[in-house]
Amino acid sequence: MDIEELRARLIEAEGNLQAIYSGEIDALLLADESGGRRVFTLRSADAPYRALVERMHEGAATLSLTGDIVYCNQRFADLVRWPLEQVFGVSIGTFLPATESEILKTILDHGTGRYVTRLVLEGEEATEVQITVSTIVLDEVEHRTLIMSDISSLAKAQRENRSKDEFLAMLAHELRNPLGAIQGAVHALSIIGHSDPMALRATGIIKRQVVHMARLVDDLLDVGRAVTGKIVLKRRPVNLGDCVKSSVTAIAAGNPNYSRIHFSSEPAWVHGDAVRLEQIIGNLVSNALKFSQSERPVQVSVTRDAGDVVLSVRDHGVGIPADMLPRIFDLFVQAHHTIDRSRGGLGIGLTLVRRLAELHGGSVQATSEGDGQGSTFIVRLPAIAAPDESDHAVAGSRLNGHRDTNGGIRRFHESRRVLLVDDNHDSREMYRAVLRANGHDVREAADGEHALAMLQTSTFDVAFIDIGLPGGMDGYELARRIRAHPGGAGVRLVALTGYGFPEDRQQSKKAGFARHLVKPVEPDVLQRELGG
């Protein structure tokens with residue numbers, strides 16, 4: 001090799017070194033002794049990736065196959081509260097509960113996996129984290145990568161959400177118990193009869209206010225579930241016109257202003273949940289009556305418009321200010337505030353209306369010309385073709401009896417042997433009075449132990465059981481024990497409770513209940529259940 005060739009190679013080498021120093025080259029491709037080629041990654045090439053890892057919000061580490069930490073970012077060191085330089089070479093198991101060592105070993109051996117645990121800091125469990133393990137090959141050597149995510153805030157939020165749901169369920173239970181007792185007392189008064197006009201008027205007021213309070217409780221619970229996506233629709237073909245007619249009739253039963261409602265409709269079918277549709281209608285019509293003057297009519301109509309069914313509720317009342325229209329469906333928002341709160345409300349009804357309409361694939365819109373100009377609410381739902389008469393479609397109304405095999409309504413008046421289990425004395429007394437007034441033989445118990453004792457000496461056709469019973473036996477457990485008892489196989493079990501969430505209904509079904517009734521319960525509903 002002559003001097004010129006050596007000089008040329010030296011110049012080339014210097015150029016390569018300069019490129020390496022300047023960061024223009026990330027790797028070198030060199031021939032080895034066997035004639036093959038090997039790739040050498042320069043440390044400078046790792047810089048962008050290391051910078052990315054260092055800026056992660058999650059702790060990141062590279063582990064050996066046995067779980068020793070080869071590399072970690074600063075966030076990892078911060079999570080385990082160790083100095084960064086002391087973490088290298090330490091086993092990952094140092095920071096995790098010893099009781100989960102087998103779980104960790106299995107994931108490391110498998111090379112992939114994920115689980116939730118708590119970090120062990122200074123011998124005590126602390127931050128809740130999610131561990132995610134995967135496999136990576138570096139310089140032909142297999143390693144494990146570990147991502148550690150701090151989920152303590154999320155876990156706390158989930159726990160608080162569960163606590164909120166439990167609180168609301170308990171609140172509903174505590175509110176519904178006295179409502180059930182009041183409703184039973186009103187019915188008992190109506191059975192006794194009283195000619196005094198003031199007594200009749202007072203009874204009517206109590207009945208209407210019980211219905212109003214029960215609706216407030218239901219709306220309060222439902223709006224929380226609606227905005228978090230926990231409401232599940234039971235959809236089937238529904239004639240919205242008949243559904244509106246049924247709802248308006250129900251409102252009329254407790255509202256002297258029913259004559260103000262002008263209703264018109266045409267056959268218009270939707271694929272929906274009749275109960276939830278009635279909630280939409282009930283909220284809109286009740287609001288229209290509340291916010292309009294007594295002499296002005298409320299116009300309710302159901303029409304078809306192209307591929308939609310349109311529900312319109314229009315009043316000629318106080319109207320909605322222009323600045324409130326964009327927010328009228330927001331939670332806890334009210335357009336009109338007065339110091340006496342004469343028009344009341346919690347600001348949740350319209351939020352529930354919007355969410356239920358959206359769950360049905362529809363929408364709701366409010367329009368108003370301003371204060372004193374009235375309001376119009378338009379609900380649009382996707383239309384479907386009218387079902388065949390052979391289909392078991394519903395018109396939206398709730399049947400006041402059980403259908404027999406011929407499609408007629410059967411009403412039951414024969415005496416039944418009834419077991420009534422409820423720890424609330426007033427509720428128990430009023431339901432007993434209602435049932436006995438209808439000719440039924442009623443025995444009562446305040447807890448599960450006394451109810452089972454009665455089953456030893458008596459037989460029953462139907463058992464109405466509260467879920468929230470005192471002692472070590474709740475209503476679900478009592479139902480299971482009655483079913484297991486030789487004399488309990490033929491008893492129709494009906495939950496009569498203040499707990500009304502879907503999960504409560506599912507749990508009662510699993511326990512053996514045929515029905516789940518939420519307090520307050522109308523006397524005629526109790527009577528229907530006695531028909532089996």
Side-chain angles (χ1 to χ4, degrees), residues 41 46 48-167 169 228-230 232 472 474 476-477 480 501-504 506-507 510-511:
T41 303
D46 294 338
Y49 307 105
R50 289 179 181 271
L52 177 63
V53 172
E54 287 299 331
R55 285 169 173 75
M56 289 173 59
H57 292 291
E58 293 81 14
T62 302
L63 312 178
S64 67
L65 297 183
T66 57
D68 294 330
I69 299 173
V70 178
Y71 162 80
C72 74
N73 64 358
Q74 184 62 53
R75 176 58 175 159
F76 183 94
D78 292 341
L79 284 172
V80 300
R81 299 179 191 173
W82 275 42
L84 180 63
E85 62 275 9
Q86 294 183 19
V87 176
F88 298 113
V90 176
S91 171
I92 185 63
T94 304
F95 310 110
L96 301 174
T99 54
E100 299 175 357
S101 58
E102 286 301 317
I103 297 175
L104 179 62
K105 183 178 183 303
T106 300
I107 291 177
L108 290 174
D109 290 344
H110 189 257
T112 183
R114 175 184 300 170
Y115 74 108
V116 173
T117 184
R118 286 182 176 273
L119 292 177
V120 176
L121 307 177
E122 299 179 355
E124 297 183 0
E125 292 189 8
T127 308
E128 194 164 359
V129 295
Q130 178 176 275
I131 301 294
T132 303
V133 174
S134 57
T135 298
I136 190 173
V137 178
L138 299 173
D139 294 334
E140 301 181 356
V141 178
E142 187 174 299
H143 292 77
R144 303 289 185 248
T145 60
L146 181 143
I147 301 296
M148 181 182 291
S149 304
D150 182 353
I151 61 170
S152 54
S153 297
L154 174 61
K156 180 181 178 182
Q158 290 174 335
R159 287 192 295 271
E160 290 176 348
N161 191 53
R162 285 194 297 270
S163 297
K164 179 203 68 176
D165 287 345
E166 291 169 1
F167 169 75
T228 55
K230 293 182 179 179
V232 178
D474 60 18
Y476 300 127
E477 180 61 25
R480 284 188 283 266
F501 282 146
E503 50 265 34
D504 300 320
Q506 293 170 4
Q507 195 169 350
K510 290 180 180 178

Notebook entry, point to check: What's the shortest heavy-atom distance between Val70 and Phe88, and which atoms?
Noted result: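 Heavy-atom minimum between the residues: O-CD2, 3.4 Å.
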
Checklist line | Heavy-atom pair of closest approach, residues Val87 and Cys72 | finding: CG1-SG, 3.7 Å

Can you tell me how far the [atom1] atom of [X] sits from the [atom2] atom of [Y], to the nearest 0.5 Å?
| X | Y | atom1 | atom2 | result |
| --- | --- | --- | --- | --- |
| Arg75 | His57 | CZ | NE2 | 9.0 Å |
| Thr127 | Met148 | OG1 | CE | 9.5 Å |
| Asp109 | Glu102 | CG | CD | 9.5 Å |
| Leu108 | Ser91 | CG | OG | 8.5 Å |
| Asp68 | His143 | CG | NE2 | 10.5 Å |
| Thr132 | Leu146 | OG1 | CG | 7.5 Å |

Item checked: Under-4.0 Å salt bridge between Glu477 and Arg480 -> yes

Is there side-chain contact between [X] and [Y], with at least one heavy-atom pair below 4.5 Å?
| X | Y | value |
| --- | --- | --- |
| Tyr476 | Asp504 | yes |
| Arg81 | Leu119 | no |
| Ile69 | Phe95 | yes |
| Pro97 | Thr117 | yes |

Say whether, by atom type as modelled, one donor and one acceptor occur between the side chain of [X] and the main chain of [Y] under 3.5 angstrom.
| X | Y | answer |
| --- | --- | --- |
| Ser149 | Ile151 | no |
| Thr135 | Gly111 | yes |
| Arg144 | Leu63 | no |
| Asn73 | Glu58 | yes |

Note to self: Please determine whether side-chain contact (heavy atoms from CB on, under 4.5 Å) holds for the pair Tyr115 and Glu100, giving the CA-CA distance in whole Å, both sets of side-chain angles, and the decisive distance to 0.1 Å.
What the structure shows: CA-CA 10 Å; Tyr115 74 108; Glu100 299 175 357; 3.3 Å; yes

